[in-house]
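Along the sequence shown, residues are numbered consecutively beginning with 1. Just so it is clear, the model here is predicted, and its values are computed rather than measured.
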Amino acid sequence: MTDTAPDDTTLTDAGFDTGVGGPVLILACGALAHEILALIRLNGWDHVSLRCLPAILHNHPERIAPAVEQAVTEARDDHDRIFVAYADCGTGGQLQATCDRLGVEMIAGPHCYAFFEGLDSFAARDEMTAFYLTDFLARQFDAFVWQPLGLDRHPELRDMYFGNYEKVVYLAQTEDAALTERARTCAERLGLAFERRSTGYGDLATRLERVAER
């Protein structure tokens, strides 16, 4: 079983699988691969396997629940327990309904921004004019934001998409000065103020600790 994630382009387009093995399978978004693998290494969870679906599914949230259902169905016979490391992620409750029907647990909350910052803290801020980045999204800004919105071809559309936003909030999982500057550049490209918050792994870590209990 490998404990090293592939490059971000592979995580975006193809996903990742550590290999069959281990009674517990975490089925996650490719955008969380680095963080989950770090937690597996840090805690010595040699009984936990990880499979990541392509992160680009986030640009088509209607595809997330069907993809998760297919992956859970494929993996059931190889693992005693499966945990879905997705929040709602724009599925409008469809993913929760799918997980309930399949009898598997998933992460609470609207999206990864919330569980990285902490669900209570995120809800208390109630930031309607903030655009969020994580470590992964700061690295993959072009693939997830700039190109899909056509801003690489029509930068004049920026105000139409982001005119109601006031700032980019970078929720940082790691202490990486170069990545912080990259996130700051993303804010500048969008014409927005920049704020960095150091979150670490937030509620993701505490939730997976419970999942990994033997």
Side-chain angles (χ1 to χ4, degrees), residues 5 8 11 24-45 48 50 52-53 55 57-58 61 64-65 68 81-97 99-100 104-141 144-145 164-177 179-184 186-187 190 192-213:
D8 286 332
L11 292 173
V24 178
L25 173 67
I26 298 173
L27 179 63
C29 171
L32 301 178
H34 293 287
E35 289 76 19
I36 295 175
L37 285 173
L39 287 168
I40 289 173
R41 290 191 298 268
L42 179 66
N43 292 284
W45 294 336
V48 176
L50 172 64
C52 291
L53 299 180
L57 286 174
H58 276 287
I64 293 176
V68 167
R81 187 154 48 108
I82 298 173
F83 179 78
V84 175
Y86 275 88
D88 181 74
C89 299
T91 69
Q94 291 182 12
L95 183 56
Q96 182 67 68
C99 289
D100 289 345
V104 296
E105 294 182 78
M106 60 177 279
I107 295 180
H111 37 60
C112 62
Y113 316 128
F115 64 66
F116 275 137
E117 182 158 11
L119 295 178
D120 292 340
S121 176
F122 187 88
R125 290 183 186 274
D126 193 27
E127 294 175 311
M128 302 299 294
T129 59
F131 184 79
Y132 295 94
L133 295 175
T134 62
D135 283 10
F136 183 85
L137 291 175
R139 294 192 301 265
Q140 289 292 91
F141 180 78
F144 277 81
V145 180
N164 292 325
Y165 289 96
E166 296 178 355
K167 61 182 177 180
V168 166
V169 176
Y170 169 39
L171 303 174
Q173 285 72 70
T174 56
E175 297 298 323
D176 186 326
L179 194 52
T180 295
E181 286 309 305
R182 192 164 185 168
R184 190 188 307 275
C186 294
L190 295 176
L192 300 175
F194 178 72
E195 180 180 344
R196 181 189 184 278
R197 296 176 194 158
S198 180
T199 66
Y201 302 144
D203 287 347
L204 178 67
T206 54
R207 189 66 184 90
L208 293 188
E209 286 169 3
R210 293 196 294 272
V211 169
E213 289 179 353

Where do Leu32 and Phe115 land on the side-chain contact (heavy atoms from CB on, under 4.5 Å) test, with the steps shown first? CA-CA 12 Å; Leu32 301 178; Phe115 64 66; 3.8 Å; yes
Which heavy atom in Ala87 sits nearest to a heavy atom in Ala108, and how many Å separate them? CB-O, 4.4 Å
Check: Ile40 and Leu208 side chains under 4.5 Å, non-hydrogen atoms: no
Criterion side-chain contact (heavy atoms from CB on, under 4.5 Å) on Leu133 and Cys186, from CA distance to verdict: CA-CA 9 Å; Leu133 295 175; Cys186 294; 3.9 Å; yes
Roughly how far, to the nearest 0.5 Å, is the OG1 atom of Thr174 from the CD atom of Glu35? 8.0 Å
How long is the span from the CD1 atom in Ile64 to the SG atom in Cys29, to the nearest 0.5 Å? 7.0 Å
Which heavy atom in Phe144 sits nearest to a heavy atom in Ala55, and how many Å separate them? CE2-O, 3.3 Å
Between atom CZ of Phe83 and atom CD1 of Ile107, what is the distance when rounded to the nearest 0.5 Å? 4.5 Å
Sole residue of Val145, Val169, Leu137 in side chain to side chain contact (heavy atoms under 4.5 Å, CB included) with Phe131: Val145
Using 4.0 Å as the upper bound for N to carboxylate O, is an ion pair formed by Glu105 and Arg81? no
Nearest heavy atoms of Ala33 and Ala5, plus distance in Å: CB-CB, 4.3 Å
Test item: His111 and Phe122 side chains (from C-beta on) under 4.5 Å apart, heavy atoms: yes
Please report the closest heavy-atom contact between Ala138 and Leu179, naming both atoms and the distance. CB-CD1, 4.0 Å
Between Arg184 and Glu181, does at least one N-O distance fall below 4.0 Å, as a salt bridge requires? yes
Exactly one candidate in Leu53, Leu25, Val68 meets side chain to side chain contact (heavy atoms under 4.5 Å, CB included) with Val84; the answer is Val68
For the student: nearest non-hydrogen atoms of Tyr86 and His58, plus distance: CE2-NE2, 4.1 Å
Rounded to the nearest 0.5 Å, what separates atom CD in Gln140 from atom CZ in Arg182? 7.5 Å
Please name the pair of heavy atoms, one in Asp203 and one in Leu119, separated by the smallest distance, quoted to 0.1 Å. OD2-N, 3.0 Å
Side chain Gln173, main chain Asp135, donor-acceptor under 3.5 Å: yes
Going through the distances and angles, do Glu127 and Lys167 end up as a side-chain contact (heavy atoms from CB on, under 4.5 Å)? CA-CA 10 Å; Glu127 294 175 311; Lys167 61 182 177 180; 3.2 Å; yes
How about His34 and Leu11: do any of their side-chain heavy atoms sit closer than 4.5 Å? yes
If I take atom CZ from residue Arg41 and atom CD1 from residue Ile36, how far apart are they, to the nearest 0.5 angstrom? 12.0 Å
State the OG1-CZ distance between Thr199 and Phe116, to the nearest 0.5 angstrom. 6.5 Å
Backbone of Arg139 reached by a side-chain donor or acceptor of Asp8 within 3.5 Å: no
Can you tell me if Asp88 uses its side chain to pair, donor with acceptor, with the backbone of Gly92 under 3.5 Å? yes
Is there side-chain contact between Tyr201 and Arg207, with heavy atoms separated by less than 4.5 Å? no
Can Tyr165 and Leu190 be said to form a side-chain contact (heavy atoms from CB on, under 4.5 Å), step by step? CA-CA 9 Å; Tyr165 289 96; Leu190 295 176; over 6 Å; no
Evaluate the side-chain proximity of Cys99 to Leu95: yes if any heavy-atom separation is below 4.5 Å, no if none is. yes
List in chain and number order the residues that pass side-chain hydrogen bond (donor to acceptor under 3.5 Å, both in side chains) with Thr180, two or more places apart in sequence or in another chain; answer none if no residue qualifies. Arg196
